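Right, one structure below, let's go through it.
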Protein chains: 2
Amino acid sequence: MVNNKIPQATAKRLPLYYRFLNNLHIQGKDRVSSKELSNAMKVDSATIRRDFSYFGALGKKGYGYNVDYLLGFFRKTLDQDENTPVALIGVGNLGTAFLNYNFTKNNNTKIEVAFDADPSKVGKSIGKIEVHHVDDLEAHIGDIQVAILTVPVSEAQPMTDRLIQSGVKGILNFTPARITVPNDVRVHHIDLAVELQSLVYFMKHYPLDVE
Amino acid sequence: MVNNKIPQATAKRLPLYYRFLNNLHIQGKDRVSSKELSNAMKVDSATIRRDFSYFGALGKKGYGYNVDYLLGFFRKTLDQDENTPVALIGVGNLGTAFLNYNFTKNNNTKIEVAFDADPSKVGKSIGKIEVHHVDDLEAHIGDIQVAILTVPVSEAQPMTDRLIQSGVKGILNFTPARITVPNDVRVHHIDLAVELQSLVYFMKHYPLDVE
DNA sequence: AAAAAGTCGTGAAATAATTCACGAACGAGT
DNA sequence: ACTCGTTCGTGAATTATTTCACGACTTTTT
Ligand SMILES: NC(=O)c1ccc[n+]([C@@H]2O[C@H](COP(=O)([O-])OP(=O)(O)OC[C@H]3O[C@@H](n4cnc5c(N)ncnc54)[C@H](O)[C@@H]3O)[C@@H](O)[C@H]2O)c1
Ligand SMILES: NC(=O)c1ccc[n+]([C@@H]2O[C@H](COP(=O)([O-])OP(=O)(O)OC[C@H]3O[C@@H](n4cnc5c(N)ncnc54)[C@H](O)[C@@H]3O)[C@@H](O)[C@H]2O)c1
């Protein structure tokens with residue numbers, strides 16, 4: 001279960017590899033080289049080979065990788081067979097978009113339940129997911145361990161504390177707040193305003209640069 | 001203009017620093033230490049000092065940093081005085097959320113124009129931004145250089161090519177497609193499905209880990 | 001006025017990640 | 001069966017980033 005041999009940079013690329021291999025599989029391709037993968041995913045081919053090599057020798061020299069074998073391997077590694085339920089907190093602009101989309105393509109994660117504080121949203125269903133009042137969080141969250149946080153920034157820390165109280169161990173945080181959590185809880189921040197500004201900064205200050 | 005002395009990792013944190021300093025300024029705080037910044041932004045204090053030091057000696061030993069001075073400095077560095085117009089392509093779930101939000105808080109970026117291929121969306125205004133038909137892209141995009149791409153994955157590459165034809169130099173790409181661009185165009189991928197899966201992977205395989 | 005406490009800026013060390021480059025192995029063609 | 005071209009896996013080099021740790025200087029306290 002503990003797998004600290006895999007560099008974090010590699011771990012972040014695994015879902016990308018998985019999705020791309022799945023697409024190749026659907027297209028009926030049975031063989032692929034690190035060079036082809038590199039062109040398609042914009043990751044250096046040596047990096048791809050190095051990443052794969054942490055899991056052992058998955059390819060054949062002079063041939064490349066067998067798509068089905070590799071896909072099966074990553075399916076197990078990423079636990080794609082067991083589903084991971086997710087809770088969404090804050091059914092506003094972003095939350096609604098996520099509910100409608102719901103990450104179901106090539107994916108083992110699914111939003112199972114949503115919460116909002118606004119009575120006019122409670123009781124509705126969006127993308128087949130029912131919206132509960134956030135006061136009933138504890139009653140409906142069950143043992144879900146993953147939460148997507150799309151509440152106003154002022155609610156971010158209080159809601160985080162409550163989620164952790166309910167047993168949540170991972171939060172995908174879209175608010176600009178840098179939330180504080182115990183160190184057995186993992187938070188990934190996706191700060192869209194920062195991403196946009198940072199793109200602009202790079203455009204102005206790193207002309208002709210490579211990605 | 002060219003500023004290749006600044007490490008990329010540092011550059012990515014600059015907008016975060018700017019926003020946080022702006023909040024301190026609004027709160028009327030006039031002094032801050034790297035330690036306080038570290039607690040609030042969850043970035044190691046030595047990293048913060050190192051980041052700042054690329055721009056010169058901005059602080060005072062034994063005192064910390066003057067909030068207004070630092071803020072003014074970052075405002076210039078991040079060109080916060082000049083506005084950067086942005087085009088949004090694809091007014092679906094995500095695109096609508098972005099239009100409603102529109103990045104206007106503490107921010108010099110603003111979506112000025114939106115495009116969609118669906119006639120039922122064209123002509124409407126969302127968050128005060130008018131939606132044009134994508135066929136009229138060239139007529140309405142003007143000299144906007146930054147685009148947010150929220151179209152279906154199959155449209156990602158064709159739309160990218162067309163945007164570049166129109167002079168776009170930076171794309172914030174929310175589609176799962178790894179788009180191909182000339183090397184004077186910068187692309188930042190935000191792959192939400194990958195982010196969610198990667199969070200789950202880290203939760204399962206790196207227990208008790210630090211962020 | 002002197003001592004104590006605080007904090008920056010940074011050289012150097014440590015850690016992390018990427019990239020080069022090549023030997024070994026394999027497949028395909030003749 | 002042999003040769004040629006391909007592609008992996010990886011040691012070593014390189015590059016990037018973070019972190020330690022301390023001297024220098026400022027502010028605060030007594
Ligand atoms: N929409 C964007 O494009 C965008 C971009 C960058 C950052 N963000 C950030 O993402 C977050 C959500 O943005 P949004 O545009 O969806 O906001 P929004 O205001 O549209 O949605 C927030 C929702 O949370 C609900 N809510 C409020 N308090 C709550 C609570 N205690 N518990 C549960 N629900 C609660 C509100 O009723 C509302 O439905 C914000 O923090 C925002 O800063 C959004
Ligand atoms: N919504 C999410 O939560 C989510 C999560 C992960 C990834 N994504 C990705 O983001 C992208 C957008 O997602 P969405 O949920 O907003 O999709 P969507 O289908 O709701 O929106 C896509 C919009 O693009 C428009 N469109 C189609 N072709 C176009 C063209 N050529 N030019 C301009 N507009 C065009 C459609 O009319 C539609 O309004 C997709 O690629 C999706 O895979 C979305």
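None of these values were measured; they are calculated from a predicted model. Just so it is clear: chains get the letters A, B, ... in the order the sequence lines come, proteins before strands, and each one is counted from 1.
Atom CZ in Arg50(A) sits about 13 Å away from atom P in dA13(D), given to the nearest Å. Put simply, NZ on Lys5(A) is 14 Å from P on dA16(C), counting in whole angstrom units. The nearest whole Å value for the distance from the CD1 atom in Ile48(B) to the C1' atom in dT10(C) is 16 Å. Summarising the geometry, the separation between CZ on Phe55(A) and P on dC8(D) is reported as 17 Å, rounded to the nearest angstrom. Protein atom CZ of Arg31(A) is 7 Å distant from nucleotide atom P of dT7(D), rounded to whole Å. When rounded to the nearest whole Å, the span between CG of Asp30(B) and C1' of dT27(D) equals 14 Å. Spacing between atom CZ of Arg49(B) and atom C1' of dG23(D) amounts to 13 Å, rounded to whole angstrom units. One interatomic measurement links the two molecules: NZ of Lys35(A) to P of dG5(D), which rounds to 15 Å at whole-angstrom precision.
Taking the six-membered ring where tryptophan is involved, the planes of His140(B) and His132(B) are essentially parallel, since the angle between them stays under 30° and well short of 60°. Classification of the Tyr101(B)-Phe103(B) ring pair by plane angle, with boundaries at 30° and 60°, yields perpendicular. Relative ring orientation between Phe55(A) and Phe74(A) is described as perpendicular, the plane-to-plane angle rising above 60° on a 0-90° scale split at 30° and 60°.
When each of Tyr54(B) and Phe52(A) is assigned the nucleotide of DNA chain D with its nearest heavy atom, Phe52(A) is the one assigned upstream, toward the 5' end. DNA chain C is contacted by both Ala46(A) and Ala46(B); Ala46(B) maps to the nucleotide lying nearer its 5′ end (nearest heavy atom per residue).
One finds a side-chain N or O of Thr47(B) lying less than 4.0 angstrom from the OP1 or OP2 phosphate oxygen of dT19(D). The side chain of Arg13(B) contributes an N or O atom lying less than 4.0 Å from OP1 or OP2 of dT18(D). Contact check, Ser34(B) against dT7(C): no side-chain N or O comes under 4.0 Å of OP1 or OP2.
Atom-to-atom distance recorded for Ile179(A):CD1 and His189(A):NE2 is 5.5 Å, nearest 0.5 angstrom. Rounded to the nearest 0.5 Å, atoms CD1 (Ile164(B)) and CD1 (Ile171(B)) are 5.0 Å apart. The NZ atom of Lys35(B) sits 8.0 Å away from atom OG of Ser45(B), with the distance rounded to the nearest 0.5 Å.
Computed from C1' positions of five pairs at each end, the angle between the two local axes of the helix from dA1(C)-dT30(D) to dT30(C)-dA1(D) equals 20°, rounded to 10 degrees.
Annotation: proximity of residues 56-67 of chain A to DNA chain D (heavy atom, distance under 4.0 Å) is found for Ala57(A), Leu58(A), Gly59(A), Lys60(A), Lys61(A), Gly62(A), Tyr63(A), Gly64(A), Tyr65(A), numbered in ascending order.
Not less than 6.0 angstrom separates the ring centroid of Phe52(A) from the ring centroid of Phe73(A).
Using modelled atom types, one finds a donor on one side chain and an acceptor on the other under 3.5 Å when comparing Gln157(B) with Asp161(B). Using a 3.5 Å distance cut-off with no hydrogens or angles, the side chains of Gln27(B) and Asn23(B) do not pair a donor with an acceptor.
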